[in-house]
Colleague: 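Dumping the structure here so I can ask a few things about it.
Small disclaimer: the values here were computed from a predicted structure and weren't measured.
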Number of protein chains: 2
Amino acid sequence: MSAGVNLKELAAELKLSPSTVSRALNDSYEISEETKKKVVSMAEKLNYQPNPFARSLRENKSKTIAVVMPERMSSFFAKVIDGIEEVTQQHGYHLLVYSTHEDVEREKKIVNLLMNGRADAIVMSVSSQTSDISHLTRLHDRGFPLVFFDRICPDIPTTKFITNDYESSFEGTKHLIQQGCRKIAFLMLSKELSITKERYRGYLDALKSAGLSPEPSLHITCAHEEEKNIEAIRNMLLSKERPDGIVSSVEKLALATYHAVKRTDIKIPEDLKIISFFSNLSIAGLLTPSLTTITQPAFSIGEECAKMLIKKLTKPRQPDLPNQVISIPSKITIRSSTIAV
Amino acid sequence: MSAGVNLKELAAELKLSPSTVSRALNDSYEISEETKKKVVSMAEKLNYQPNPFARSLRENKSKTIAVVMPERMSSFFAKVIDGIEEVTQQHGYHLLVYSTHEDVEREKKIVNLLMNGRADAIVMSVSSQTSDISHLTRLHDRGFPLVFFDRICPDIPTTKFITNDYESSFEGTKHLIQQGCRKIAFLMLSKELSITKERYRGYLDALKSAGLSPEPSLHITCAHEEEKNIEAIRNMLLSKERPDGIVSSVEKLALATYHAVKRTDIKIPEDLKIISFFSNLSIAGLLTPSLTTITQPAFSIGEECAKMLIKKLTKPRQPDLPNQVISIPSKITIRSSTIAV
DNA sequence: TTGTACGCGTTATCAG
DNA sequence: CTGATAACGCGTACAA
């Protein structure tokens with residue numbers, strides 16, 4: 001099909017044995033400089049490319065890392081992958097990328113497929129449906145290198161990368177309160193998710209420390225279709241208990257809120273202030289009014305995941321990935337959507 | 001590390017030879033139903049997973065497709081990949097994904113790495129810098145299955161998937177003219193790109209058929225940093241030759257235009273109308289005013305690319321990918337940014 | 001119906 | 001310094 005020559009043919013051309021050629025190409029100390037030169041130049045001339053599968057079979061590693069995440073159409077995940085790729089590419093690693101589309105069954109299938117060694121490690125952010133984590137436990141129990149980011153599994157003892165969810169949610173909520181909000185809604189993906197729990201906790205604690213009490217009807221969980229989310233938010237905005245502030249724990253629901261507001265007479269920030277965890281800064285600035293964001297360090301999170309794995313995979317006798325949560329802080333950028341008027 | 005048992009161990013457990021087990025698992029006609037049952041159930045019990053590299057080495061195929069594209073932070077490319085994955089996953093194929101970041105050098109490196117057989121085929125959209133296409137020619141000349149989408153290489157005789165660039169650009173420009181525009185600007189990525197050329201041609205022909213003449217100072221090429229694009233567009237908007245309409249041949253520059261307009265007193269659509277090739281419909285509706293779009297069928301494009309390749313890869317003696325351009329039409333959605341007032 | 005032997009392309013071990 | 005040989009795990013032609 002595609003390839004040029006293989007090792008044996010290259011060796012024949014050079015009138016050397018395959019093993020000598022292999023060593024020369026791998027820059028072994030036991031080969032003379034002279035033959036190394038000859039071998040390398042002939043390899044280039046004949047465009048020799050080592051067969052990755054033969055090598056993987058022999059060495060029992062694939063030089064490949066798998067990324068499993070809930071969706072692609074999100075600037076957060078896109079940036080994380082960019083960060084991962086930036087690091088892995090420098091080390092000659094390849095990236096298999098999978099989207100679960102927020103579906104646990106798909107997530108399980110993908111994870112099970114990856115257990116056969118096709119990838120040397122997995123970087124993962126779980127689906128919003130994931131509550132049974134047996135597929136992930138099994139993976140980890142077998143010693144498969146696994147790191148989580150953003151939507152983590154606290155119960156699996158490995159390294160996880162997150163942003164300071166609790167604190168930034170607390171600060172974001174506090175900011176709304178300082179701007180005069182008294183009835184603050186909270187928008188979330190599923191309640192199962194680690195990020196939801198932490199961000200919710202931050203929100204609740206901020207309310208509490210201001211003497212405000214949470215109102216259950218103002219806590220909205222994400223549905224599958226965008227349209228349903230928009231309508232749910234709109235209904236909330238028009239209800240008796242209507243909020244004067246919103247904390248959105250996820251990008252998608254902030255956009256849904258803007259859509260919902262468009263369908264009412266409500267004005268941001270006059271009648272309603274909103275802050276959201278968000279990664280697409282260009283869009284945040286273009287929304288009308290521009291959106292106050294809790295900006296997650298997506299690219300850095302990706303880089304850190306990759307660095308951690310590369311260290312584990314390239315150093316010979318590396319210990320297991322430590323059971324720790326590494327937090328990279330978000331930054332709140334105040335724009336028009338929360339300005340008191 | 002990770003795996004369970006291998007074929008030999010599984011065979012030993014069953015007191016059968018590896019070949020029998022192999023055949024049983026591959027549902028060979030020469031194995032009795034009875035032993036098949038036994039083998040399969042034991043395989044499940046011991047969680048047998050065939051080693052993908054041994055198999056790839058043996059069969060000389062990887063069950064992997066590579067996707068090479070210019071950037072990840074674009075709803076267009078994200079949707080295309082979703083479409084590709086939808087099809088490939090059903091056929092048990094895996095996806096290696098690479099971003100060139102619009103850098104030819106990176107593109108070359110990636111393509112060269114892929115020549116060693118790590119992937120069975122490549123789906124590709126070239127970088128805006130790509131003018132020397134020798135790396136791609138070489139790939140194709142070796143018989144490597146390759147399809148292009150969106151940003152194609154016309155000179156490489158293989159299958160390409162695009163949208164009806166010329167026609168939709170023509171129609172989009174015509175729409176602006178009908179709404180009263182007389183001085184229409186054209187925003188593009190690099191002039192080298194296939195999509196630029198086609199969309200530009202459609203734009204020019206629409207002007208011509210309305211008796212309008214193009215104004216070179218209104219043709220803007222994309223720079224690398226977003227900020228530069230914004231400033232370039234702003235300067236144009238404030239110049240003597242200022243346009244009353246804009247055709248943006250790419251999503252990114254439509255957003256830059258909105259940013260630029262924010263920095264002036266210009267009003268859309270009163271003083272300036274804008275239409276853009278665009279894929280993120282949710283965002284298009286949220287911009288103020290909402291953006292009239294030429295909506296590219298990104299997901300379908302991805303699906304079609306994948307179907308074409310799967311057919312080529314799975315049918316035994318499939319002919320080469322035909323040298324043809326397959327066009328899937330875009331749809332113009334008129335929103336506020338082009339409403340005459 | 002099942003088992004034996006070989007090869008896919010590498011790299012590592014052991015001789016020379 | 002270099003060459004012969006075995007092994008990674010699988011699938012298949014050939015034998016029984």
Side-chain angles (χ1 to χ4, degrees), chain A residues 1-40 42-43 46-64 92 113 115-120 316, chain B residues 1-40 42-43 46-64 92 113 115-120 316:
Chain A
M1 282 311 168
S2 58
V5 297
N6 63 24
L7 196 60
K8 201 160 44 172
E9 291 160 349
L10 176 59
E13 197 66 36
L14 285 158
K15 292 185 183 153
L16 285 171
S17 80
S19 49
T20 304
V21 176
S22 172
R23 277 180 285 222
L25 291 170
N26 291 328
D27 202 28
S28 160
Y29 66 96
E30 36 184 9
I31 301 289
S32 73
E33 284 306 319
E34 197 186 1
T35 41
K36 272 186 196 172
K37 284 250 158 72
K38 267 194 287 201
V39 169
V40 168
M42 179 62 83
L46 300 186
N47 199 344
Y48 168 74
Q49 304 266 67
N51 180 312
F53 305 117
R55 190 173 267 181
S56 290
L57 182 58
R58 187 65 234 260
E59 310 203 319
N60 197 30
K61 55 176 125 167
S62 60
K63 280 263 185 185
T64 299
L113 278 174
M115 282 206 286
N116 62 10
R118 188 176 285 271
D120 294 337
Chain B
M1 286 310 168
S2 58
V5 297
N6 63 23
L7 196 59
K8 201 159 48 171
E9 292 161 348
L10 176 58
E13 196 67 35
L14 285 157
K15 291 183 185 155
L16 287 171
S17 80
S19 54
T20 304
V21 176
S22 171
R23 278 181 282 226
L25 291 171
N26 293 327
D27 203 26
S28 160
Y29 65 96
E30 37 184 8
I31 300 291
S32 75
E33 284 307 319
E34 198 186 1
T35 42
K36 272 186 195 171
K37 285 253 160 73
K38 265 193 287 199
V39 169
V40 168
M42 180 61 84
L46 300 187
N47 200 342
Y48 167 72
Q49 304 266 69
N51 180 312
F53 304 118
R55 189 173 267 178
S56 291
L57 182 57
R58 183 67 232 266
E59 311 204 320
N60 197 29
K61 53 177 128 166
S62 60
K63 280 266 185 179
T64 300
L113 276 175
M115 282 207 287
N116 62 10
R118 189 177 283 271
D120 294 337

Colleague: Between C:dT13, D:dC10, D:dT12, which nucleotide gets closest to the side-chain atoms of A:R23?
Modeller: C:dT13
Colleague: Between D:dT2 atom P and A:E34 atom CD, what is the distance in whole Å?
Modeller: 8 Å
Colleague: To the side chain of A:Y48, which of D:dG9, C:dT10, C:dG3 is closest?
Modeller: C:dT10
Colleague: When you get a sec, tell me which of D:dC10, C:dT10, D:dG11 is the closest nucleotide to the side chain of B:S22?
Modeller: D:dG11
Colleague: Go nucleotide by nucleotide along DNA chain C from the 5' end; which of B:K15 and B:L57 gets its closest nucleotide reached first?
Modeller: B:K15
Colleague: Can you tell me how far P of C:dG9 sits from CG of A:L46, to the nearest Å?
Modeller: 16 Å
Colleague: Can you tell me how far P of D:dG9 sits from CG of A:N51, to the nearest Å?
Modeller: 17 Å
Colleague: Hey, does the side chain of A:S32 come within less than 4.0 Å of D:dT2's phosphate (OP1/OP2), counting only N and O?
Modeller: yes
Colleague: Can you check the B:E30 CD to D:dG11 C1' distance for me, whole Å?
Modeller: 11 Å
Colleague: Could you tell me which non-hydrogen atom of A:A43 sits nearest to which non-hydrogen atom of A:L25, and how far apart they are?
Modeller: CB-CD2, 4.0 Å
Colleague: May I have the distance from A:L10 (atom CG) to C:dG9 (atom P), rounded to whole angstrom?
Modeller: 13 Å
Colleague: Quick one: label B:P18 by what it contacts on the DNA or RNA (base, sugar-phosphate, nothing), any heavy atom closer than 4.0 Å.
Modeller: nothing
Colleague: Tell me, yes or no, whether the heavy-atom count around A:K61 atom NZ, taken from other residues, nucleotides or ligands under 6.0 Å, exceeds 12.
Modeller: no
Colleague: Do B:R58 side-chain and C:dG9 base share a donor-acceptor contact under 3.5 Å?
Modeller: no
Colleague: Treating A:S62 as the side-chain partner and A:S56 as the backbone partner, does any N or O pair qualify as donor plus acceptor under 3.5 Å?
Modeller: no
Colleague: Got a sec: does the CD of A:E30 have more than 12 other heavy atoms crowding it under 6.0 Å?
Modeller: yes
Colleague: With a 4.0 Å cut-off on heavy atoms, is A:S19 in touch with a base, just the backbone sugar-phosphate, or nothing at all?
Modeller: base
Colleague: How many Å lie between CG on A:N26 and P on C:dT10, as a whole number?
Modeller: 11 Å
Colleague: Quick one: does A:N26's side chain have a donor or acceptor within less than 3.5 Å of a partner on A:S28's backbone?
Modeller: no
Colleague: Calculate the interatomic distance between B:E33 atom CD and C:dT1 atom C1'; express it in whole Å.
Modeller: 12 Å
Colleague: Taking 4.0 Å as the cut-off, does a side-chain nitrogen or oxygen of B:R55 come that near to OP1 or OP2 on D:dG9?
Modeller: no
Colleague: Looking at D:dA4, does its base get a donor-acceptor pair with the side chain of A:S17 below 3.5 Å?
Modeller: no
Colleague: Figure out the CD/P separation between A:Q49 and C:dC8, and round it to whole Å.
Modeller: 20 Å
Colleague: Base of C:dT2, side chain of B:T35 - is there a donor-acceptor contact under 3.5 Å?
Modeller: no
Colleague: Please work out if B:L7 contacts a base, only the sugar-phosphate, or nothing of the nucleic acid, heavy-atom cut-off 4.0 Å.
Modeller: sugar-phosphate
Colleague: Using only side-chain N and O atoms of A:Y29, determine if any of them is under 4.0 Å from OP1 or OP2 of D:dT2.
Modeller: no
Colleague: Just do the side-chain contact (heavy atoms from CB on, under 4.5 Å) check on B:R58 and B:R55 with the steps written out, would you?
Modeller: CA-CA 5 Å; B:R58 183 67 232 266; B:R55 189 173 267 178; 5.7 Å; no
Colleague: Think B:T20 has a side-chain N or O under 4.0 angstrom from the OP1 or OP2 of C:dG3?
Modeller: yes
